[in-house]
Visitor: 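My questions will all concern the structure given below.
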Amino acid sequence: MNIPFLDHWLGRHGERDKSDAATTVHDPERAAAITELLSECELLRSRAAQAGLELDDSPGSLTALDQLPPRWRDDPEELPWLGNDAGLYLGTVIVRTVPGAAWHIWPGGHPVVRLASGREISVVEAGVEWAFNGAPELSQVYGEAAEA
């Protein structure tokens, strides 16, 4: 996902971590705003609701998403957008439930989740792979992040 306005906004507000060229948010209020923005995932939430699943930002909801029949694959135009949302939702669950996990925005607007260990997870790529292929399962990526 490319969010250039977010990258530029953070750069203007002095939130750039010069050590790794990623946008690092040190202000808790701004970090919460970014988390809220990235957690919207409107298309995914809509499709999940149509299937009777409420996404509550919990690890269990990732497992439930993995179990849904992949009817979204019937619409090739919607598929990349749904995958993008799935990745952002995965990142949202990780950031909200794994201690020390936080969003980082790379130049060009590419969001990743950085774990306390320093490992980065390209959640959008994982979400797109999940949407197109069903693997890796979102719950599996979460489990690996929670163990790190």
Side-chain angles (χ1 to χ4, degrees), residues 1-11 13 15-17 20 22-73 75 78-148:
M1 178 173 169
N2 186 3
I3 313 176
F5 75 88
L6 183 59
D7 188 50
H8 296 300
W9 179 83
L10 288 167
H13 288 86
E15 299 297 330
R16 199 78 39 233
D17 179 345
D20 63 5
T23 300
T24 303
V25 181
H26 301 288
D27 177 354
E29 192 171 308
R30 286 192 179 127
I34 289 170
T35 298
E36 194 62 33
L37 174 68
L38 295 177
S39 71
E40 287 181 1
C41 314
E42 188 174 328
L43 179 62
L44 179 71
R45 289 180 189 277
S46 171
R47 295 299 175 260
Q50 289 172 351
L53 174 62
E54 180 184 347
L55 300 182
D56 61 2
D57 300 350
S58 71
S61 65
L62 295 172
T63 302
L65 275 171
D66 288 336
Q67 302 305 313
L68 287 178
R71 292 191 179 104
W72 55 82
R73 291 189 190 137
D75 186 349
E78 188 175 274
L79 196 54
W81 296 104
L82 189 94
N84 186 76
D85 273 13
L88 292 177
Y89 184 72
L90 169 62
T92 296
V93 174
I94 293 170
V95 167
R96 291 188 173 162
T97 62
V98 174
W103 286 107
H104 285 265
I105 312 298
W106 283 98
H110 182 73
V112 297
V113 172
R114 182 173 291 162
L115 303 175
S117 67
R119 177 177 165 228
E120 290 184 348
I121 301 172
S122 185
V123 291
V124 171
E125 289 178 16
V128 170
E129 285 293 316
W130 173 83
F132 277 88
N133 304 315
E137 289 185 338
L138 299 175
S139 59
Q140 176 186 356
V141 176
Y142 174 84
E144 292 170 4
E147 289 177 1

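The figures here come from the full heavy-atom set of this structure, side chains too, leaving out hydrogens, waters and symmetry mates.
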Visitor: Once you round to the nearest 0.5 Å, how far does CG of Leu53 lie from CG of Leu65?
Guide: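 CG of Leu65 is found 5.5 Å from CG of Leu53.
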Visitor: Would you tabulate the side-chain donor-acceptor contacts of residues 140-148 under 3.5 Å, counting partners in other chains and residues two or more places apart, or write 'none'?
Guide:
{"from": "Gln140", "atom 1": "NE2", "to": "Glu144", "atom 2": "OE2", "distance (Å)": "3.4"}
{"from": "Tyr142", "atom 1": "OH", "to": "Thr97", "atom 2": "OG1", "distance (Å)": "2.9"}

Visitor: Which pair of heavy atoms, one from Ala126 and one from Pro136, lies closest together, and at what distance?
Guide: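 In terms of heavy atoms, the two residues are closest at O-CD, 4.3 Å.
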Visitor: Which pairs, with at least one residue in residues 56-65 and sequence neighbours excluded, count as a salt bridge (charged side-chain N to carboxylate O under 4.0 Å, His left out)?
Guide: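 Passing the test, one end in residues 56-65: Arg45-Asp57, Asp57-Arg96.
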Visitor: Give me each pair satisfying ring pair (Phe, Tyr, Trp, His ring centres under 6.0 Å) with a member in residues 38-66, each pair once, sequence neighbours excluded.
Guide: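 Sorted result for residues 38-66: empty, none.
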Visitor: Does anything in residues 83-92 form a salt bridge (charged side-chain N to carboxylate O under 4.0 Å, His left out)? List the pairs, not counting sequence neighbours.
Guide: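 Non-adjacent pairs meeting salt bridge (charged side-chain N to carboxylate O under 4.0 Å, His left out): zero.
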Visitor: Minimum heavy-atom separation for Ser61 to Ser58, with atom names?
Guide: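 That would be OG-O, 2.6 Å.
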Visitor: Checking Ala49 now: which residues fulfil side-chain contact (heavy atoms from CB on, under 4.5 Å) with it, not counting sequence neighbours?
Guide: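 Partners of Ala49 by the side-chain contact (heavy atoms from CB on, under 4.5 Å) criterion come out as none, since no residue qualifies.
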Visitor: Working to the nearest 0.5 angstrom, can you tell me the gap between Leu82 CG and Asp75 CG?
Guide: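 With rounding to 0.5 Å, CG (Leu82) is 9.5 Å from CG (Asp75).
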Visitor: Show your working on side-chain contact (heavy atoms from CB on, under 4.5 Å) between Ile121 and Val98 and close with a plain yes or no.
Guide: CA-CA 13 Å; Ile121 301 172; Val98 174; over 6 Å; no
Visitor: With sequence neighbours excluded, tell me which residues meet side chain to side chain donor-acceptor pair (under 3.5 Å) with Thr63.
Guide: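 Here no residue qualifies.
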Visitor: Under the side-chain contact (heavy atoms from CB on, under 4.5 Å) rule, collect the residues that match up with Ser46, sequence neighbours excluded.
Guide: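 Testing Ser46 for side-chain contact (heavy atoms from CB on, under 4.5 Å), a comparison that skips the adjacent residues, returns Gln50.
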Visitor: What pairs of residues pass the ring pair (Phe, Tyr, Trp, His ring centres under 6.0 Å) test when at least one of them lies in residues 116-137, not counting sequence neighbours?
Guide: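 Counting only pairs at least two positions apart or across chains, the ring pair (Phe, Tyr, Trp, His ring centres under 6.0 Å) contacts touching residues 116-137 are Trp72-Trp130.
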Visitor: Which heavy atom in Arg114 sits nearest to a heavy atom in Gly118, and how many Å separate them?
Guide: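 In this case the closest contact between Arg114 and Gly118 is CG-O, 3.9 Å.
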Visitor: Can you sort out the partners of Glu78 under side chain to side chain donor-acceptor pair (under 3.5 Å), two or more places apart, ordered by chain and number?
Guide: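 Expected list: Arg47.
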Visitor: Apply side-chain contact (heavy atoms from CB on, under 4.5 Å) to Val95 and list each qualifying residue two or more places apart in sequence or on a separate chain.
Guide: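 Per chain and number, Val95 pairs via side-chain contact (heavy atoms from CB on, under 4.5 Å) with Thr35, Trp103, Val113.
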Visitor: Which heavy atom of Gly127 sits nearest to which heavy atom of Leu138, and what is that distance?
Guide: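 In terms of heavy atoms, the two residues are closest at CA-CD2, 4.4 Å.
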Visitor: Restricting to side chain to side chain donor-acceptor pair (under 3.5 Å), what partner residues turn up for Thr92, sequence neighbours left out?
Guide: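 Not a single residue meets the side chain to side chain donor-acceptor pair (under 3.5 Å) criterion with Thr92.
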Visitor: Closest heavy-atom contact between Ala51 and Leu68?
Guide: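 Heavy atoms of Ala51 and Leu68 come nearest at CB-CD2, 3.7 Å.
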Visitor: Please collect all salt bridge (charged side-chain N to carboxylate O under 4.0 Å, His left out) contacts where either partner lies in residues 61-73, sequence neighbours excluded, each pair once.
Guide: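 Qualifying pairs, neighbours excluded: none.
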Visitor: Rounded to the nearest 0.5 Å, what separates atom CG in Leu43 from atom CG in Leu88?
Guide: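 These two atoms lie 11.5 Å from each other.
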Visitor: Taking atom CD1 of Ile34 and atom NE2 of His104, what is their separation to the nearest 0.5 Å?
Guide: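 Here the interatomic distance stands at 10.0 Å.
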Visitor: Which pair of heavy atoms, one from Val93 and one from Pro59, lies closest together, and at what distance?
Guide: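 Reported closest heavy-atom pair: CG1-N, 3.7 Å.
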